[in-house]
2 protein chains.
Amino acid sequence: MSPRQVAAEPGAQLDSPAPLSRDAITHAAIEFIEHRGLERLTMRALAQQLGCGTMSLYRYVANRDDLVGAIIEELVDRSDLPELARRRFKNWQEMSVAAILAYKDLAVAYPGSFELLALAPYDAEPVSSHIERMATALQGTGLTERQAYEVLGGLDAYATGYLLVWARARGASGDASGPAALRKIRDIDEFERGLRVFVAGYEATLR
Amino acid sequence: MSPRQVAAEPGAQLDSPAPLSRDAITHAAIEFIEHRGLERLTMRALAQQLGCGTMSLYRYVANRDDLVGAIIEELVDRSDLPELARRRFKNWQEMSVAAILAYKDLAVAYPGSFELLALAPYDAEPVSSHIERMATALQGTGLTERQAYEVLGGLDAYATGYLLVWARARGASGDASGPAALRKIRDIDEFERGLRVFVAGYEATLR
DNA sequence: ACCTGAACACCGTTCAAGT
DNA sequence: ACCTGAACACCGTTCAAGT
């Protein structure tokens, strides 16, 4: 009989007699990060949470980086971003605002995990193809390729910088408000205002 | 005779018979990061570079976080940022562009170490007082306190997001150009263009 | 096929001791 | 005063083995 089948004392770990799988591991990892913080996510701690041996994880995940990649993919899947690339917008302004706000919603829903996505290499999956899909969609609303990448790059930089620092500060102190000094420049409600200012700037610049 | 005074074989480590000090450690750490990467900076490796025992570092540095704090302070000192806060500008546009460009110059000069600064907590020194000095200076050029923090927060978010991803990509691949996919949205020469677009947006918004 | 403990090569840091 | 090695409590991951 495998140790995993033995009844686990309740409360100590997740009530998961569910079989181990790449998805189960990924889901548990996200939950772990949101409850206990990214810096506490270790292969050993995650295994304990799942009630299995540390090495069992390596059946479904090549290594820690592979796990992080799976988390990123899962987060993008849970967001509105994939659906956005398929929708039709009447101009680039509406489309880019919608895309960046979906990005913000992801940060608000998963503040602990967000930095994995924000700091993920842009030249690897799934970020690279997401950027390309967005750029292509933007070109469908009248921008040239160069303009599409310019707007996308600029707005993405703003959103990444804003949300990354906001999410980190939020996680550092336990409460939801964050330190007072930071609130002055990183209130999440002010995010959209800055976004629209930036879009207005591009509007003026692109004629 | 202390082991540190023994002649070190040249090339193997820094030619530093210089006495150990907090500054010497900080300087060596920055050089280490820029040459070998942040992920390779460990207390053990840094001590070896300095030709001393690992524990000798702890005479001058409380722990790794304290060392990182010292690095951040040193980087800010080496930049144009402190001088900027003392200079006079005729309007907030010129001042904020100058400040953000000084921030960019720092990222270009120290791409390996930049993320320590970019990800440093905004509510701790020396970042917090720098932000306050900048906000005060901006109010001297006609902005209200609220407007000063709004512009500062927005432009800082853009710069942080842009430069952080650029610096990471630059360090990841060995060469100076970075992966082709990223160059499309993160050419360092395009940084200033986006900055001016954002400033133009605030110009229009603040009337 | 699925799971696992022991072991290895690392970390940061404490402690007790050297000169 | 300044420096240090041994040791501790961790990491991620390899390997050889269990069912």
Side-chain angles (χ1 to χ4, degrees), chain A residues 1-9 12-14 16-30 32-33 36-72 113 115-116 119-120, chain B residues 1-8 12-14 16-29 32-33 36-72 113 115-116 119-120:
Chain A
M1 187 187 227
S2 143
R4 278 210 83 235
Q5 310 305 334
V6 175
E9 55 256 67
Q13 55 226 28
L14 286 185
S16 65
L20 221 42
S21 71
R22 188 174 171 90
D23 273 357
I25 292 171
T26 306
H27 295 336
I30 292 174
F32 186 101
I33 296 171
R36 310 197 26 203
L38 180 57
E39 72 287 350
R40 276 201 269 267
L41 179 75
T42 66
M43 302 302 276
R44 282 167 162 94
L46 181 58
Q48 194 176 25
Q49 183 83 247
L50 281 160
C52 68
T54 305
M55 292 319 300
S56 305
L57 302 178
Y58 287 84
R59 281 275 143 195
Y60 306 93
V61 143
N63 49 44
R64 199 183 190 278
D65 276 356
D66 186 37
L67 172 60
V68 167
I71 292 172
I72 292 172
S113 320
E115 77 172 87
L116 294 179
L119 296 176
Chain B
M1 184 187 228
S2 144
R4 277 210 83 236
Q5 310 306 333
V6 175
Q13 55 227 26
L14 285 186
S16 66
L20 221 45
S21 72
R22 189 174 169 91
D23 273 357
I25 292 172
T26 307
H27 295 336
F32 185 101
I33 296 171
R36 310 196 27 202
L38 180 58
E39 73 286 351
R40 276 200 269 266
L41 179 76
T42 67
M43 301 303 275
R44 284 168 162 92
L46 181 57
Q48 194 176 26
Q49 182 82 246
L50 281 159
C52 68
T54 306
M55 292 319 299
S56 305
L57 301 178
Y58 287 83
R59 283 273 144 198
Y60 306 93
V61 143
N63 48 45
R64 199 183 190 278
D65 276 356
D66 187 37
L67 172 60
V68 167
I71 292 171
I72 291 172
S113 319
E115 78 171 86
L116 294 179
L119 296 178

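No hydrogens, no waters, no symmetry mates; every other heavy atom, side chains included, goes into these values. None of the values given here were measured: they were computed from a predicted structure. Chain letters run A, B, ... following the sequence lines, proteins first, then strands; residues in each count from 1.
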Using a cut-off of 4.0 Å on non-hydrogen atoms, how would the nucleic acid contact of B:M55 be classed: base, sugar-phosphate, or nothing?
-> base
Rounded to whole angstrom units, what separation is found between the CZ atom of A:R40 and the C1' atom of D:dC10?
-> 14 Å
Which nucleotide in C:dC11, D:dG12, D:dC3 has an atom nearest any side-chain atom of B:L20 = D:dC3
Atom CD of B:Q48 to atom C1' of D:dT4: distance rounded to whole Å?
-> 15 Å
How close or far is atom P of C:dT4 from atom CG of A:L50, stated in whole angstroms?
-> 11 Å
Do A:L67 and A:L57 have side chains that get closer than 4.5 Å, going by heavy atoms?
-> no
C:dT13 phosphate, OP1 or OP2: any side-chain N/O from B:Y58 under 4.0 angstrom?
-> yes
Are B:R22 and B:D66 side-chain neighbours, meaning at least one heavy-atom pair lies under 4.5 Å?
-> yes
d(CG, A:L67; C1', D:dT13) in whole Å | 14 Å
Write down the atom of A:N63, the atom of A:V61, and the distance for their closest heavy-atom approach.
-> O-CG1, 3.1 Å
Given D:dC2, is OP1 or OP2 found less than 4.0 Å from the side-chain N or O atoms of B:R59?
-> no
How long is the span from the CG atom in B:L46 to the CG atom in B:L41, to the nearest 0.5 Å?
-> 5.5 Å
To the nearest angstrom, how far is A:M43 atom CE from C:dC3 atom C1'?
-> 14 Å
Between D:dT4, D:dC15, D:dC11, which nucleotide gets closest to the side-chain atoms of A:R44?
-> D:dC11
Please report, rounded to the nearest Å, how far the P atom of C:dT4 is from the CG atom of A:L46.
-> 13 Å
Is there a side-chain contact between A:L38 and A:E115 (heavy atoms, below 4.5 Å)?
-> yes
Whole-Å distance between C:dC2 C1' and A:Y60 OH?
-> 6 Å
So what's C:dG12 paired with, Watson-Crick or G-U wobble, going by both distances under 3.5 Å?
-> D:dC8
Interatomic distance where CG belongs to A:L57 and C1' belongs to C:dC2 [whole Å] = 13 Å
Among the nucleotides D:dT13, D:dT4, C:dC3, which one has an atom lying closest to any side-chain atom of A:T54?
-> D:dT13
State the pairing partner of D:dC3; accept Watson-Crick or G-U wobble contacts with both distances under 3.5 Å, and report none otherwise.
-> none
